[in-house]
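Below, read A as the first sequence line, B as the second, and so on, with proteins coming before strands; counting in each chain starts at 1.
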Amino acid sequence: MASVLTPQATDFPRWYQDVVAKAELADNGPVRGTMVIRPYGYSIWERMQAEMDARIKATGAKNAYFPLFIPMSYFEREAEHVEGFSPELAVVTHAGGKELEEPIVVRPTSETVIGEYMGKWTQSYRDLPLLLNVWGNVVRWELRPRLFLRTTEFLWQEGHTAHVDEADAAAFARRILHEAYEDFMVNVLAIPVQVGRKTASERFPGAINTLTCEGMMGDGKSLQMGTSHELGQNFARLFGIDYLDDTGTQQLAWTTSWGSSARMVGGLIMGHGDDQGLVVPPALAPVQAAVLLVKDQEGSGDAARRLAAELVDAGVKVELDDRVSTSFGRRATDWELKGVPVRVEVGPRDLAEGMVTLALRHSGEKRSVSVAEAAPTVAALLPTIQAELLARATARRDESTAEVKTVEEAVEAAATGWAKLPWDALAGDGEARLGRDAVSVRCLQRADGTVPDADDEPGLVAIVGRSY
RNA sequence: CGGGGAGUAGCGCAGUGGUAGCGCACCUGCUUUGGGAGCAGGAGGUCGAGGGUUCAAAUCCCUCCUCCCCGACCA
């Protein structure tokens with residue numbers, strides 16, 4: 001059979017584009033950098049949203065919505081913020097048939113508007129912490145777009161919180177990082193992210209500290225899959241987020257912001273995909289099992305429908321594929337491209353023996369089970385597959401991570417994966433030297449892998465690599 | 001913004017002056033269906049736009065537009 005996709009080893013970026021197209025995830029939009037998310041791609045994003053939303057709400061944050069349009073003047077209040085974002089702003093200068101008095105920015109992020117309203121809403125320490133989350137779209141004008149990974153408009157979640165003091169803000173930024181982001185990525189996406197602290201040069205514009213989750217992709221490059229920022233009192237000062245404390249003294253709040261986006265779909269593709277296409281972990285999959293009717297003869301159609309119903313009853317997300325006017329091979333390939341964890345192949349040959357065939361996407365394994373055992377077997381397999389995917393991704397990441405001592409060795413290791421390098425080895429112009437080879441510090445960790453509180457703690461380790 | 005390409009059917013492309021073609025996809029029918037089925041028939045085009053040369057332009061000339069790829073930022 002001719003291969004459907006460009007092999008990863010031949011051209012990884014082209015493989016990625018092929019998967020996006022053939023698995024029917026997305027199309028390019030009419031305006032450069034925009035993206036049309038197709039139903040299957042969107043169903044994956046909806047599953048991500050559902051899992052993330054539950055984790056975000058579990059921290060006490062509540063969903064709200066803020067406007068797409070932001071007055072330009074809001075941006076100009078914070079020097080680093082405006083400097084960081086101005087090259088990628090889309091600005092509305094005309095509306096209603098005339099030129100506007102003040103240009104309006106299409107939000108690239110919402111710290112400023114949300115700051116303005118937090119300022120209105122916080123008067124007493126009893127109003128704090130104020131924990132908000134927004135699901136929406138943002139626009140950052142991109143020169144080099146790639147579907148899901150970097151598009152001019154993208155879907156995301158941005159959380160914004162205000163706290164009575166620095167310690168509470170710092171704790172919350174870490175809580176989101178671990179309990180929402182890391183937990184989701186490890187346990188649902190089955191991607192073993194490295195969590196750590198960004199260096200000053202990689203920090204969010206206007207933040208005093210940025211924390212990150214970095215996943216390793218199939219080509220050894222790093223993908224930033226979620227970030228959580230401590231904003232200090234920068235935005236509180238500029239937008240008047242203050243309150244009276246329990247002694248009646250006026251105090252400035254401490255704020256955080258944190259975001260994750262549909263870029264995670266790109267992480268899913270490149271984190272688990274293979275030359276046969278996407279591989280979706282069962283905990284995430286919008287379709288966990290496809291019941292594939294080989295041909296509708298000798299009652300196999302009825303058997304397939306019955307089996308699909310049994311799978312639903314067993315709590316499995318099922319899709320019945322009885323489009324027998326399309327060849328079996330074509331349909332099997334399509335489900336494989338879409339990364340559906342289990343295919344249940346139902347045909348007269350097996351049914352004559354009282355059996356059906358299960359095909360596992362992640363391993364390529366096929367096994368025969370009796371019709372009666374099929375539904376419970378599939379239901380029981382899903383957690384096993386989930387665990388195997390995480391184990392496999394973890395092993396691959398560890399094999400592709402080298403412990404090194406010098407900048408030169410780090411650059412060499414970054415050709416195929418990550419390097420762990422003593423942060424001290426990058427003192428002075430180390431980051432600039434990495435940058436010349438398109439390599440950067442993805443994050444800093446303590447020797448035990450935990451997240452540092454400052455980048456001048458002794459003995460820190462820099463995780464270094466190429467990135468998306 | 002600097003350098004390099006490309007615009008012809010939904011997608012990928014061929015077509016160096018004689019009036020539009022191939023592969024895939026699509027539609028109809030028949031035969032198929034256990035890893036992208038076969039055969040037959042069919043539909044689909046202001047050849048990026050405008051101007052010029054010519055008996056004749058997808059093809060040659062001029063102008064414009066758009067898109068893609070490589071160099072500085074980013075979820």
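The distance between atom CD of A:Glu83 and atom C1' of B:C73, rounded to the nearest whole Å, is 11 Å. Between the CG atom of A:Leu293 and the C1' atom of B:U32 there is a distance of 15 Å, rounded to whole Å. Rounded to whole angstrom, the span from the CG atom of A:Leu211 across to the P atom of B:A75 amounts to 13 Å. The nearest whole Å value for the distance from the CG atom in A:Asp18 to the P atom in B:C24 is 18 Å. A:Lys221 places its NZ atom 16 Å from the P atom of B:C74, with the value rounded to the nearest Å. In this structure, the CD atom of A:Glu88 is 7 Å from the P atom of B:C74, given to the nearest Å. Across the protein-nucleic acid pair, A:Phe148 atom CZ and B:C74 atom C1' stand 18 Å apart, rounded to whole Å. Here B:A37 presents its P atom at 12 Å from CZ of A:Arg323, a figure rounded to the nearest Å.
Under a cutoff of 6.0 Å and an axis angle of 45°, A:Arg146 and A:Tyr16 form a cation-pi pair.
When each of A:Tyr468 and A:Lys22 is assigned the nucleotide of RNA chain B bearing its nearest heavy atom, the one mapping closer to the 5' terminus is A:Lys22.
Between A:Phe12 and A:Trp15, the ring planes are tilted. Angles from 30° to 60° get that label. The aromatic rings of A:Trp258 and A:Tyr181 sit perpendicular, their planes meeting at an angle over 60°, well past the 30° parallel limit.
In this structure, A:Gln224 reaches the sugar-phosphate backbone alone: every heavy-atom distance under 4.0 Å involves primed, P, OP1 or OP2 atoms, never a base. Within the nucleic acid shown, A:Arg343 comes within 4.0 Å of at least one base atom, counting heavy atoms only. Within the nucleic acid shown, A:Ser201 has no heavy atom closer than 4.0 Å to any nucleic acid atom. Base contact: A:Leu149 has a heavy atom under 4.0 Å from a base atom. Contact annotation for A:Thr109: no contact, since no heavy-atom pair falls under 4.0 Å across all strands. Across all strands shown, A:Gly259 has no heavy atoms under 4.0 Å from either base or sugar-phosphate atoms. Heavy atoms of A:Asp334 sit under 4.0 angstrom from at least one base atom. Using a 4.0 Å heavy-atom criterion, one finds that A:Gln297 contacts no nucleic acid atom at all.
Across all strands shown, B:A57 has no partner, as no Watson-Crick or G-U wobble contact with both distances under 3.5 Å is found. Nucleotide B:G17 has no partner under the Watson-Crick or G-U criteria, as no pair reaches both atom distances under 3.5 Å. Using Watson-Crick or G-U wobble geometry with both donor-acceptor distances under 3.5 Å, B:C47 finds no partner in any strand shown.
Rounded to whole Å, the separation between the C1' atoms of B:G12 and B:C55 comes to 36 Å. Nucleotides B:U54 and B:C60 are separated by 10 Å at their C1' atoms, to the nearest Å.
Within the 4.5 Å cutoff, the side chain of A:Thr401 has heavy atoms near those of the A:Met216 side chain.
In terms of phosphate contacts, A:Ser261 brings no side-chain nitrogen or oxygen within less than 4.0 Å of OP1 or OP2 of B:A75. One finds no side-chain N or O of A:Arg32 lying less than 4.0 angstrom from the OP1 or OP2 phosphate oxygen of B:U66.
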Run the side-chain donor-acceptor check on residues 204-211 of chain A: report pairs under 3.5 Å with partners two or more places apart or on a different chain.
unit_1	atom_1	unit_2	atom_2	d
A:Asn209	OD1	A:Arg197	NH1	3.2
A:Asn209	ND2	A:Glu230	OE2	2.7
A:Thr210	OG1	A:Phe204	N	3.0
A:Thr210	OG1	A:His229	ND1	2.8

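One can find a donor-acceptor pair under 3.5 Å joining the base of B:G35 and the side-chain atoms of A:Lys366. Counting distance only, with no hydrogens placed and no angle test, the side-chain atoms of A:Arg331 and the base atoms of B:G34 include no donor-acceptor pair under 3.5 Å.
Ring-base stacking between A:Phe154 and B:A75 is satisfied, the centre separation being under 5.5 Å and the plane angle under 30°.
Relative to the side chain of A:Phe328, the nucleotides B:G35, B:A75, B:A37 differ in distance, and B:G35 lies closest.
For the pair A:Asp274 (side chain) and A:Gln276 (backbone), a donor-acceptor distance under 3.5 Å is present.
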